[in-house]
Amino acid sequence: MNSSDVLNDLRRRFPNEPEYLQAVEEVLTTIEDAYNEHPEFERYNLIERLCIPDRIFSFRVSWVDDKGRVQNNMGYRVQHNNAIGPYKGGIRFHSSVNLSILKFLAFEQTFKNSLTTLAMGGGKGGSDFNPKGKSDMEIMRFCQAFVAELWRHIGPDTDVPAGDIGVGGREVGYMFGMYKKMAREHTGTFTGKGIEFGGSLVRPEATGYGNVYFLLNMLATRGIDIKGKKVAISGSGNVATYTADKLLQLGAKVVTMSDSNGTIYVPDGLTREQLDYIFKLKNIYRGRIREFAEEYGCEYFEGGRPWGVKCDIAMPSATQNELDGDDARTLLANGCIAVSEGANMPSTPEAVHEFINAKILYAPGKAANAGGVSVSGLEMAQNAQMLSWSAEEVDKKLKDIMANIHAQCLRYGKQEDGYVNYVKGANVAGFMKVANAMMAQGIL
Ligand code: NDP
Ligand code: 2IT
């Protein structure tokens with residue numbers, strides 16, 4: 001089947017999986033040229049095999065809350081493709097989690113991991129468990145119940161989970177603890193672990209820092225300096241806060257941050273003290289971004305997103321489809337020159353179209369946010385060697401990897417007029433490596 005037949009067939013077979021179909025369509029419509037140069041791919045029905053996950057586990061997770069009530073959630077792990085390395089990708093805990101979302105994330109992860117230059121396949125997992133308002137003990141019991149089921153499907157050379165929305169160092173610690181008990185082994189089966197038990201320095205920072213490093217590479221192609229630039233960030237979780245941290249170090253101005261309830265607007269940019277407050281608010285008190293506005297008396301848009309403010313750069317870092325066509329047009333009208341995605345698929349297809357049409361610098365998540373999984377790969381390498389590298393060493397490797405991903409995007413995405421289509425560049429580069437590996441390994 002050719003790629004448009006595959007897409008139509010997937011639409012017919014999975015009509016209730018819009019996010020999955022959206023992610024597949026974006027890739028298939030940008031790799032056509034590369035695909036057509038290799039007639040053997042069609043003979044081996046490679047595209048269809050690459051779009052459908054190798055396997056999916058789904059299971060019930062039963063746990064007891066603090067009031068003694070029995071709660072039931074769904075748990076999943078999508079093992080998408082392991083042609084270039086063990087399945088690798090995060091775990092998401094959010095009430096919206098379903099198979100469509102996890103299949104889109106596992107599909108994207110396969111291409112992202114291919115771009116990192118490290119040996120990692122693609123996977124993703126999670127649960128519709130809602131961590132908001134849960135006590136520490138409830139989080140622990142849930143993580144243990146989740147891993148009591150998941151543990152037999154994962155392992156250091158099989159499938160290596162990590163964090164994502166709703167899953168940070170605390171949750172990885174509890175999941176790793178349960179895994180270690182069930183499997184009776186202390187191996188690098190999770191990444192994002194605590195430093196004392198095999199975690200890597202710079203893993204918490206890696207996605208946000210990596211996104212800024214990618215942005216610097218993009219800005220350099222046009223000779224633009226980051227200093228003094230106004231940046232609108234969405235989200236206030238792991239990716240958003242470390243993006244802000246690096247931007248502040250570089251003298252940029254972070255004018256917005258948000259959560260699912262609203263957006264704070266600080267036109268002159270957050271101070272270091274204010275950012276430290278947000279770190280504490282989110283990681284220790286687990287509060288809402290509204291409390292920042294109350295503390296500092298800044299503007300707060302209840303229920304609003306950041307994209308209406310005046311900014312030079314947008315870095316969506318919360319969730320999928322959080323920036324639509326209207327938002328994109330507003331950003332462009334306000335003079336936005338670059339968009340670099342910390343989240344996975346935060347821009348809708350219409351928004352992506354607007355950015356590329358306007359020929360601004362636009363980096364899709366699978367390139368720009370690959371720093372997180374890259375340092376996860378470096379954590380796996382350190383665990384395998386039983387060594388820990390210094391923060392400087394990991395940060396240097398992260399910078400090199402982001403520069404390499406940027407170079408791959410240029411190689412495959414540069415148009416005749418000189419404009420770089422990073423979507424095409426990332427998709428073709430990511431695809432070719434996985435496709436060649438699959439061809440070499442036979443029909444599986
Ligand atoms: P966190 O859980 O730490 O933070 C998520 C942030 O996004 C919170 O501020 C949250 O607000 C907001 N958010 C989540 N869902 C929604 C929603 N439906 N609508 C509006 N806001 C929402 O997650 P991360 O920072 O780890 O992840 C953010 C994004 O980055 C995700 O797309 C993830 O897949 C991606 N990513 C993460 C990596 C990592 O290493 N952690 C690596 C690469 C990509 P609230 O608290 O109100 O829910
Ligand atoms: O989307 C992602 O790349 C992540 N959530 C990080 C995955 C990982 O294995 O570190």
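One-based numbering, in listed order, for ligands and for the atoms of each.
A salt bridge links R272 with D245: the closest approach of a Lys/Arg side-chain nitrogen to an acidic carboxylate oxygen falls below 4.0 angstrom.
Close N/O approach between N344 and ligand 1 is found [any backbone or side-chain N/O within under 3.5 Å]. Residue-to-ligand polar distances place R288 within reach of ligand 1: an N/O pair is separated by less than 3.5 Å.
Contacts of R141 classified as side chain to side chain donor-acceptor pair (under 3.5 Å), with partners at least two apart in sequence or in another chain: D66. Listed by chain and number, the residues in a side chain to side chain contact (heavy atoms under 4.5 Å, CB included) with T29 are E25 (sequence neighbours excluded). Taking E294 as the reference, R290 meet the salt bridge (charged side-chain N to carboxylate O under 4.0 Å, His left out) condition, with sequence neighbours excluded.
Summary of contacts: the protein heavy atom closest to atom 27 (O) of ligand 1 is I165 CG1, 3.7 Å.
With ring centers used as reference points, F176 lies under 6.0 Å from H186.
Atom 37 (C) of ligand 1 lies below 4.0 Å from at least one non-hydrogen atom of the protein.
Note that K103 lies in the cation-pi zone of F14, set by a 6.0 Å cut-off to the ring centre and a 45° limit from the axis.
Under 3.5 Å, the side chains of W63 and N73 contain a donor-acceptor pair of N or O atoms.
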Between ligand 2 and the protein, find all N/O pairs closer than 3.5 Å and give the distance for each.
from: ligand 2; atom 1: 1 (O); to: Q109; atom 2: OE1; distance (Å): 3.4
from: ligand 2; atom 1: 1 (O); to: K112; atom 2: NZ; distance (Å): 3.0
from: ligand 2; atom 1: 1 (O); to: K124; atom 2: NZ; distance (Å): 3.0
from: ligand 2; atom 1: 1 (O); to: N344; atom 2: ND2; distance (Å): 3.0
from: ligand 2; atom 1: 3 (O); to: Q109; atom 2: OE1; distance (Å): 3.4
from: ligand 2; atom 1: 3 (O); to: Q109; atom 2: NE2; distance (Å): 3.0
from: ligand 2; atom 1: 3 (O); to: K112; atom 2: NZ; distance (Å): 2.7
from: ligand 2; atom 1: 5 (N); to: K124; atom 2: NZ; distance (Å): 3.3
from: ligand 2; atom 1: 5 (N); to: G163; atom 2: O; distance (Å): 3.0
from: ligand 2; atom 1: 5 (N); to: D164; atom 2: OD1; distance (Å): 2.9
from: ligand 2; atom 1: 9 (O); to: K88; atom 2: NZ; distance (Å): 2.6
from: ligand 2; atom 1: 10 (O); to: R203; atom 2: NH2; distance (Å): 2.9
from: ligand 2; atom 1: 10 (O); to: S376; atom 2: OG; distance (Å): 2.5

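When all heavy atoms of V78 and L99 are compared, the closest pair comes out as CG2-CD2, 4.2 Å.
Proximity of S258 to ligand 1 is established by a heavy-atom distance of less than 4.0 Å.
With a 4.0 Å heavy-atom cut-off, ligand 1 is reached by the side chain of R92 but not by its N, CA, C or O. For A370, no heavy-atom contact with ligand 1 is shorter than 4.0 Å. Contacts between R203 and ligand 1 below 4.0 angstrom, taking non-hydrogen atoms only, involve the side chain exclusively.
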